[in-house]
Amino acid sequence: MTTEKKEKPKLKMAVYWGAACGGCCVSILDVHEKLFDVVAAADLVFWPIGLDFKYKDIEDMPDGHIDLTLFNGAIRNSENKYIAMLLRQKSKIMVAYGSCAHMGGIPGLANFSTKEELFDRVYFETESTVNPDKILPEPNYKIPEGKLELPYFYNDVLPLNKVVCVDYYLPGCPPQTERLLEVFMAIVNGSELPSKKSVIGAYDKTQCDECERKKTDNKKIKKFFRPWEIEDDGETCFIEQGVICMGPATRGGCGVRCIKGNAPCRGCYGPPPDSPDPGAKMMSAIATMIDSNEDVEIDKIIEDVVDPAGTFYRFSAPDSIIRRKL
Amino acid sequence: MKKITIDPITRLEGHGKIEIFLTDEGDVENVYFQVPELRGFEKFCEGRPVEELSQIVTKICGVCPGCHHMASGKAADAVFGVEPTSTAKKLRELFYMAHFVHSHIAHFYVLAAPDFVVGPTADPAKRNILGVIEKVGVEVGTEVIKQRRKAQEIQALLGGHQTHVVMNIPGGVRKGLTEEQRADIEKTAKGFIEFANFSLQVFNDVVLGNATYLDIILNGPYSLKIHSMGLVDENNKVNFYDGKVRVVDTVGNELCKYSPKEYMEYIAERVEPWSYLKFPYLKKIGWKGFVDGQDSGVYHATPLSRLNAADGMATPLAQIEYERMYKTLGGKPVHATLAMHWARLVELLYSAERCLELVTDPEITGKNLRTEIDRSKIVGEGVGTVEAQRGTLTHHYWTDKNGIVEKVNIIVGTTNNNAPICMSIKKAAQGLIEKGTEPSEGILNMIEMAFRAYDPCFSCATHRLPGDMPLIVNFMNKKGELIKTVKRD
Amino acid sequence: MSNEPKIVSFLCNWCSYTGADLAGTSRMKYAPNIRIIRVMCSGRVEPTFVLKAFREGADGVLICGCHPGDCHYHEGNYKCLRRYKLLKKYIKQMGIDEKRLRLEWISASEGKQFAELANEMAETMKDLGPANIKEKLDLFKKPKSINENENVEKEKSEAI
Amino acid sequence: MEEPRIGVYICWCGTNIAKMVDVEYVAEEMKKLQNVVVSRNYKYMCSDPGQDLIIKDIKENNLNRIVVSACSPRIHELTFRKALENAGLNSYLFEMANIREHVSWVHTDRKEATEKAKSLVIAAIKRVGFHESLDKRSVDINPATLIIGGGIAGITAALEIAETGKQVYLIEKNNCLGGNLAFVDLSYPDMSSVHQILDPKIEKVNKHPNIKVFLNTEIDEVFGYVGNFETKINGTAEIEEILKFGNVIVATGLKPFDPSVIPEYAYGKFPDVITSIEFEKMLKEGAIKTKYGKAPKNVGIIHCVGSRNNNYNEYCSRTCCASGLKYANQLRDALPDAGIYELYGDMRAFGKGCEELYTETSKKDIVFMMFDQRNDLPRIKTSGAKDNCNMIIKVNEKLSGEKLNIPVDMVVLLVGAQAQDNAKDIAHAVGISMCGNSFYIERHPKLDPVATTTDGVYIVGSCQGPKGIIDSVCQARAAVSRILGTIAQGSVQVEVTTAVVNEDICCGCQTCICVCPYTAISFDAEKNVSVVNEVLCKGCGTCGSACPTGAIRCRHFTDLQILSQIEGLMSLELEEV
C-alpha cells in the first residue's frame with residue numbers, strides 16, 4: 001500500500017490598511033530572505049500596497065474565503081470602515097495588526113481635536129495654503145464630466161474592534177517582524193492558537209521585564225525632565241532619572257527597541273492583559289512617585305508633565321475610556 | 001460618458017484612485033487622481049513637546065520614516081536654537097544615506113524593474129519581482145533582498161528602531177557608534193557601491209540596450225515639461241540631508257535658490273474639492289491650472305528633478321554616471337518621466353559613496369553626540385528640510401517658550417508631485433487609450449507606469465511592490481449607470 | 001432623577017465613609033445626587049475609576065479621604081492627592097470641566113461638612129449643566145453585519 | 001468562575017428605611033436583573049429571622065452571592081457575613097448597600113430616595129458578581145498582651161490579665177505609674193484616699209512576675225494583626241527589645257486643659273489662680289496657702305474651665321463638677337471660716353452618690369453661683385488697695401441676674417480633660433481612628449464600646465473620652481474579658497483582604513515597594529517580581545493603584561469589582577431577563 005503525501009493547501013492571506021503609514025506593511029517586507037518561505041506558504045489574495053486586486057475582487061469572494069487577514073491602520077473614514085466589514089465577512093481569522101488597528105495608534109492623536117479643527121488647520125490655516133474660496137474636500141463633488149466621490153471623514157479615529165469583531169491583536173508600531181513570523185508560522189502549521197480576542201505576538205509582562213537598564217525601588221520623583229534636559233547615562237531606568245517612560249505599562253515583545261535606542265518607551269505595544277486603560281494606569285503610577293505631600297510643591301512638579309494626554313495616551317487614545325476630546 | 005475607475009490604485013503606499021472620463025466618442029476627456037485619505041498631523045502635533053515630534057511624524061510614513069525623522073529633528077534643533085555637534089550631523093547623514101540605499105533598491109528592483117526587465121505589456125503574472133528574478137537570476141534576487149536588509153540594519157543600529165526611528169534628540173543624537181560597528185558599516189558601504197554599479201549595468205543592458213524601452217522613455221507619452229526642484233550644497237551639487245532649495249525652469253535656468261526657512265515665499269498649496277491631498281505650486285508664478293510649460297507654476301521634486309536642479313553629483317563615480325545620463329538623454333533638463341528610474345540609480349550610487357565617505361570619517365565615532373540646550377535661548381520657531389526619496393520635504397514648527405508645539409506646517413515629498421502625477425496620468429491616458437476601443441490591460445498598466453515613475457508615496461502621500469494588476473474598467477453612461485464591466489485577469 | 005446630575009463619590013472607609021454615616025445618624029439632609037462607593041483608603045482610588053465614572057455617565061466625581069496627616073494608612077491620602085492633581089490636568093485636556101472632579105478631606109466626625117459638600121457639589125453640577133459624556137461617546141454603534149452598515153446619511157451624520 | 005446566583009434582600013429597618021424608600025418596589029425591580037434569583041424585602045434583616053431568611057434561601061435556591069441593602073456595612077457587615085458562613089457560604093461572597101445612613105436618613109423626597117436606593121443596590125449586585133471566596137486565615141493567639149499607658153485603667157487591665165497567668169507588657173511614657181490619678185488626694189463621692197487604692201496596685205504591678213513594665217517608653221509602630229502583633233521598643237537602657245503579643249489595650253488617658261489660653265481667668269498672671277491639679281498637690285501636702293504663705297480668707301472654685309465652650313472644648317469633661325464639690329468639702333474642713341464660692345455652669349452631679357454629695361455640700365455654707373459658661377465667663381481682676389483681698393472675681397450671676405464682685409485670695413480652676421498630644425501617633429501605631437476631639441473611636445458606641453475597628457486593639461479609659469475612676473476601671477475589665485476570651489479560644493480568624501502580586505504579569509519595576517506604608521512589599525531579584533508579605537499588609541490598596549501593570553490585585557477591592565460597581569451605579573434602565 002502506498003501513502004502519498006498530501007500537499008498542504010496554501011493559506012489565503014489578505015493584508016489591508018486603514019488610516020496607516022505603511023510601516024506595518026514594511027514590517028511584513030522586513031521578513032527579508034524569509035519572504036520566499038512566506039510566499040511558499042501563503043497566497044496573498046489582497047494587498048493594495050503590493051498586489052493589484054480591487055475591492056470588487058473581495059466583494060466577489062464567498063464568505064470566509066480568506067484564511068487570515070492582517071488589518072493594519074485605524075478607522076478614520078467610511079472607506080476604512082467598509083473594507084474592514086467586508087474583510088471581516090470574508091475572513092476566517094481577522095487580526096488587528098499594529099498599534100493603529102489595535103488601539104488607534106498615532107492617527108488617534110487626532111481625537112484630541114475635532115474634525116472641524118483638523119480641516120480648518122489643514123485646508124485653511126496652514127501658512128503655505130492659499131485657499132481664498134474656503135474650499136474643502138467634499139464626499140460627493142460634481143464636475144463637468146460627472147461626479148467624484150471621496151470617503152466620509154469621521155469625527156474620531158477608531159480602533160478596528162470598534163467597527164468589527166477582531167479575533168486577535170498583534171500589537172506594535174510596527175509589530176516586530178520576528179513576532180509576526182512566529183504567529184504566521186503557528187497559523188501555517190495549524191498549531192493551536194490562543195483564545196479569541198487575545199493579544200498574540202507579544203508578552204504578558206511589560207517592557208521593564210526585558211529592559212536592561214538598572215532599576216531600583218527608588219521610584220521617587222522631585223522633578224520631571226524632558227529627554228534633552230538630562231545627561232542620560234544610558235544605564236539607569238528613565239523614570240528614576242525623572243523622564244516619563246511608558247515601559248512599565250507596555251507589553252514586551254518589541255525587544256525594548258526604543259529604550260535600546262536611548263529613547264523612553266511611548267507604549268506602542270499596548271497594555272498587559274486586564275489593564276482597561278494603560279494611560280490611566282501609568283498616570284496613577286507616575287503621580288504616585290511624586291516625592292511631595294505639599295499641595296503647592298505637587299502642582300509645581302506636575303507643571304513639568306507638559307502633555308499628559310499626548311504622553312500617556314500616545315498610541316491608545318481611541319481605545320481608552322475617554323476616547324476623544326469632549 | 002464613460003468613466004474608468006481604478007480603485008484602489010495598488011502597489012502604492014496610502015490610498016489613491018484614478019478616474020478616467022471618456023467622451024461618448026471614447027476620447028479621454030479628463031483624468032482625476034484622487035487621494036482619499038487625510039490624517040491631519042498638522043493639527044494633532046499641536047500641544048506636544050517639540051522633541052517628541054521627530055518620533056510622532058515618522059508615523060506619517062512607514063516607508064520613508066527616516067526622512068520625516070530628519071526633517072523634524074532639524075526643525076526641532078532650530079526651535080531650540082542649537083546646532084548639532086559635527087559627529088551628530090555625520091551620524092544623522094550616515095543613517096540617512098542608508099535610508100536612501102534601502103528605499104532606492106526597493107523601488108528599482110521591486111517596483112520599477114518589472115516594467116522594463118519583464119516588459120510593460122508582458123504577462124501580468126510575470127510582471128513582478130519574481131518575474132524579474134526569473135530573468136536576472138535567483139542570486140540577484142537574493143542579493144537585492146540582502147542589500148536592502150543590510151541598509152535596514154544600519155538604520156536599526158543608528159536609529160534604534162529600523163522603521164520608526166528614535167535617533168534624533170534636539171542638539172544631536174541619542175547614540176554613538178563603536179569602532180567595530182563602524183568597521184562593519186564600512187564593509188557594507190563598499191558592498192553598496194558595488195551593487196549600485198551592478199544595478200546601473202543592469203539598467204544599461206536591459207533598458208538602454210533595448211530600443212523599444214529607450215523609445216518609450218524618450219518618445220513615449222511620458223514627458224512633462226515642468227520646473228525641477230531639488231536640494232543642493234554650496235557647490236550646487238545634489239545633497240539629501242542639507243543645503244539650499246534650488247528650482248530650475250523647463251529650459252534649465254535657475255528660477256530661484258532659497259534657504260529652507262524661506263519656503264513660504266516660494267511655495268504655496270492649493271485645495272481641490274475632489275482630493276484630500278493639497279496641490280503645491282510655485283508662488284511667484286502662481287497657480288495656472290493643471291498645465292505644463294514654462295509659464296505654469298507646477299513643478300516636480302523627484303530624483304530626476306533633483307539632478308535637473310543641480311550642477312552635478314558630489315561624489316566621483318556618481319558624477320560620471322550623471323554626465324553619462326544627460327549625454328544619452330540629450331542634455332539638461334530632462335523631462336522624460338521614465339528617466340526618473342535612471343536618475344534614481346545615479347542617486348543610489350551617490351548614497352552608497354557618501355555612505356562610505358561618512359563611515360570612514362574619523363569624527364564618526366566621536367563621543368560628543370549632543371549640544372547642550374539653554375532654555376533661555378529657545379527660539380520658538382524652526383524649519384527643517386531634507387530631500388526625501390520622493391521629493392523635497394519640509395517641516396515647520398512654532399512653539400511656546402518651553403518648546404511646546406503651537407502650530408505645525410508640513411509639505412511632504414510626494415505632495416509636491418500631486419499636480420504632476422495627475423497630469424502625467426492624463427497625458428499617458430490620452431496618448432494610450434485609442435478612440436472608441438476598450439483599453440487593454442497592457443495599456444492600463446502603461447497608464448499606471450506614469451505615476452509609478454514618481455515612486456509616489458501617498459501614505460506620506462505611494463510606492464509599489466510586486467504583483468500583477470487585474471483592473472476593473474467600468475464604462476458608465478451619462479447618468480452614471482454602469483453599462484459594461486471589463487475585468488482583466 | 002434621570003435629568004438630575006449624577007455624582008459618583010469615592011469615600012475612604014475610616015474617615016470619610018464614617019463621616020457620611022455620621023451625617024446619616026445625625027439625620028442631616030442633603031441633595032440625593034451623590035452615590036457613594038466605599039474604598040478602604042483614598043489611596044486605592046485610581047484615575048481609571050474616575051474616568052470610568054465619567055464614561056458611564058457621571059456629571060461629577062467626588063473623592064474624599066482622611067485629612068492630611070490623619071490617614072488610617074499614614075499617607076494613602078497624599079498618594080490620592082498626587083494622582084488627583086495629574087488627573088485633573090488630563091481631563092482638562094480632554095475637555096472635561098475641572099470643576100466636575102473634586103477631592104476633599106472629610107474626617108469621621110465631619111458629618112455636617114460632608115452634607116454641605118454633597119449639596120455644594122450638586123449645585124456646581126447643576127450650574128455646569130449635564131456633561132453628556134456617555135451620550136457623546138456612545139455615538140458610534142458597531143454594526144452587526146455589513147448589510148446592517150449604516151446608510152450614507154448615517155455616515156454623513158457621523159462624519160459631521 | 002461559576003455563574004452567579006444572587007439573593008437580594010432589602011431591609012425596612014422598621015420605618016427607618018421604609019418610610020423614605022419604597023422597599024417593595026426596589027425589591028421587585030431587582031428581580032429584572034441578570035443572575036438575581038431571589039429578591040425580597042423584610043422588616044429587620046439583621047434580626048435572627050432576617051438572617052434565617054438568607055440562610056434558608058441559600059440552601060433552597062443554592063444561592064452563591066448575597067446582597068443585603070440596609071444600614072451601613074460598618075455596623076452589620078460582620079453580622080451578615082456570619083450568616084453566610086452559617087449557611088456554608090464563603091462570607092466574602094457578600095456585599096452590602098447602605099440605604100439607611102446614605103439614603104433614607106439624609107433625603108426628603110421619597111421618589112428620589114427610592115431611585116438612589118435602586119442604583120446603590122444595582123451597583124452592589126453588579127459588584128458581588130465578581131466577588132471571590134477568600135479563605136479566612138485562622139491564626140494562633142499569642143497570649144501576651146501589650147498595654148499602652150500605666151494609669152488606673154492600664155494598671156487594672158494589667159493585673160487582671162497577669163492574675164490569669166498571662167504575660168503583660170505595660171508601656172508608660174512617664175517615669176512612674178499611676179497616671180493622672182497619682183496626683184489626686186481624695187476621690188469622690190466617698191472622700192476615700194486615692195493613694196490607698198492606687199499605691200498597692202502599683203506596687204503589685206511592679207512586683208508581678210507576669211507583668212513587664214517599661215517606663216519612659218513610647219511605641220512608634222505596631223506590626224502584624226490580631227493574635228500576632230509585634231513592636232520594637234527602646235527601653236530606658238536604650239537597648240532595643242522586640243515584643244510579641246496577641247492583643248493591645250490602649251489606655252493612654254488624658255491631658256489636663258491648659259487654662260492660660262483663657263484670658264478671663266488670668267492664669268499664670270495671678271499666682272493664686274491655680275489649676276485643680278495644683279490644688280490637689282496642695283491638699284496632698286496638707287496645707288492650703290496663698291503664694292504669700294497665708295491661708296486664704298475667700299476661695300473661688302470655677303467650673304467648666306476649657307469645657308463646654310466653643311472657643312475651647314465643646315464637650316463636658318465629666319469629672320469636674322464632682323471634683324468641685326469634693327474641693328468645697330475639703331476646704332470647709334481645712335478652713336472652717338473661709339468664704340467658699342462655687343461658680344458653675346450647670347451642676348452635673350451624676351452617678352452613684354454624687355447628687356447626695358451635692359446636697360450635703362450645699363448645707364455647708366458654700367455659695368453656689370451660676371454663670372453662662374458658653375458666652376459670659378467670670379473675669380478675675382486685681383483688687384483695689386482698700387479691698388482686703390487678693391483678687392476680685394467679676395461674675396454675672398445667672399439665676400439672680402446680678403453683677404457680683406467676689407473678693408477672693410485664691411481661685412481653683414477646674415480644668416477640663418483633653419486627648420494626649422501624641423494621640424494621633426498612637427492611633428497610627430496601632431491602626432485605630434480618632435473622632436473630632438482626638439479621642440479614639442470605638443467599634444460601636446453602644447454595642448461594642450471598648451473594641452475598635454482594628455481586631456485585637458481595645459481602647460479603655462479617658463483616651464476614648466473623659467472618664468472617672470469607676471468608668472475607666474469598668475472599661476479596663478471589659479476589655480480584659482474580651483481578650484481573655486480570645487486567648488481561651490487559642491486562635492482567631494483574620495481578614496485576608498490583602499494585596500497579592502500576579503507573578504505572570506509583574507514586570508519588576510518596583511514602583512509598589514516604596515509606596516507601602518508597612519514595608520510589606522519586597523523585591524524578589526531571583527524571579528524579578530514584587531512579593532507581598534500578607535502578615536504586614538493591612539489592605540489599604542495603595543500599591544494596587546500604583547501598579548502600572550495591574551499585576552497587584554487588592555483582594556475584595558479589585559479593579560473589576562469597583563469598575564462593575566461604577567457601571568451598576570450609573571446603569572439607567574435595567575436589562576430584562
Side-chain angles (χ1 to χ4, degrees), chain A residues 199 202-222 236-240 244-253 256 259 264-265 267 269-291 293 311-312 316 321, chain D residues 1 126 130 132 424 428 499-533 540-555 557-567 569-570:
Chain A
V199 168
Y203 312 138
D204 284 355
K205 291 204 177 221
T206 56
Q207 299 285 322
C208 309
D209 188 52
E210 281 181 277
C211 176
E212 284 150 8
R213 286 183 173 238
K214 274 198 256 73
K215 284 176 288 299
T216 71
D217 59 10
N218 178 33
K219 297 279 190 294
K220 290 201 169 87
I221 297 174
K222 266 274 178 233
T236 311
C237 167
F238 274 115
I239 292 174
E240 287 172 44
I244 296 175
C245 172
M246 281 294 282
T250 306
R251 276 183 190 264
V256 285
I259 296 170
C265 171
Y269 259 64
D274 313 319
S275 177
D277 187 313
K281 280 276 180 205
M282 198 59 204
M283 248 193 285
S284 195
I286 285 288
T288 310
M289 296 173 196
I290 291 171
D291 187 14
N293 294 338
T311 308
F312 299 110
S316 64
I321 295 176
Chain D
M1 195 177 67
K126 294 256 187 218
F130 294 96
E132 314 152 299
K424 185 186 287 177
H428 280 166
V500 55
V501 175
N502 176 349
E503 296 188 349
D504 300 336
I505 302 291
C506 178
C507 65
C509 69
Q510 302 170 55
T511 306
C512 48
I513 291 176
C514 61
V515 169
C516 180
Y518 305 103
T519 64
I521 309 179
S522 56
F523 183 65
D524 179 339
E526 186 67 29
K527 291 181 179 164
N528 189 40
V529 295
S530 290
V531 181
V532 175
N533 176 337
C540 64
T542 309
C543 56
S545 309
C547 176
T549 67
I552 295 185
R553 290 175 71 258
C554 308
R555 290 198 182 102
F557 288 90
T558 64
D559 287 3
L560 203 55
Q561 288 163 353
I562 295 173
L563 291 173
S564 44
Q565 187 176 8
I566 296 169
E567 273 174 32
L569 218 47
M570 290 288 111

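Quick note on labels: first sequence line is chain A, next is B, and so on, each numbered from 1. Bear in mind the structure is a predicted one, so any value in this text is a computation, not a measurement.
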| said: Given heavy-atom pairs under 4.5 angstrom as the criterion, report whether the side chain, backbone, both or neither of Pro272(A) touches chain D. | reply: side chain
| field | Residue pair Pro548(D) / Cys509(D): nearest heavy atoms and the distance that separates them | value | CG-SG, 3.8 Å
Any idea which donor-acceptor pairs are under 3.5 Å between chain D and chain A?
unit_1    : atom_1 : unit_2    : atom_2 : d
Glu503(D) : O      : Lys205(A) : NZ     : 2.9
Cys506(D) : O      : Lys205(A) : NZ     : 2.8
Cys509(D) : O      : Lys219(A) : NZ     : 2.8
Gln510(D) : OE1    : Asp217(A) : N      : 3.1
Asn528(D) : ND2    : Asp209(A) : OD1    : 3.1
Ser545(D) : O      : Ser284(A) : OG     : 2.6
Asp559(D) : OD2    : Lys281(A) : NZ     : 2.7

| said: Using side chain to side chain contact (heavy atoms under 4.5 Å, CB included), reason through Val500(D) and Val532(D) one step at a time and then give a plain yes or no. | reply: CA-CA 6 Å; Val500(D) 55; Val532(D) 175; 5.9 Å; no
| message | Can you give me the closest heavy-atom contact between Met246(A) and Phe312(A), atom names plus distance? | response | CE-O, 3.4 Å
| query | Out of Leu560(D), Val515(D), Leu563(D), Ile505(D), which one racks up the most heavy-atom pairs below 4.5 Å with chain A? | reply | Ile505(D)
| query | Using non-hydrogen atoms only, which part of Pro278(A) is less than 4.5 Å away from chain D: side chain, backbone, both, or neither? | reply | neither
| query | Measuring from Cys237(A):SG to Ile259(A):CD1, what's the distance to the nearest 0.5 Å? | reply | 8.5 Å
| Residues which pass side chain to side chain contact (heavy atoms under 4.5 Å, CB included) with Cys554(D), listed by chain and number, not counting sequence neighbours | Arg44(C), Phe557(D)
| note | side chain to side chain contact (heavy atoms under 4.5 Å, CB included) filter on Pro264(A), not counting sequence neighbours, yields Pro227(A), Phe238(A), Val243(A), Cys245(A), Arg266(A), Arg174(B)
| task | With sequence neighbours left out, write down each residue that passes side chain to side chain contact (heavy atoms under 4.5 Å, CB included) with Ile221(A), or none if nothing qualifies. | result | Phe224(A), Ile239(A), Met289(A)
| query | Which bit of Cys547(D) is near chain A, if near means a heavy-atom gap under 4.5 Å: side chain, backbone, both or neither? | reply | backbone
| Ile521(D), part contacting chain A, at a heavy-atom distance under 4.5 Å | neither
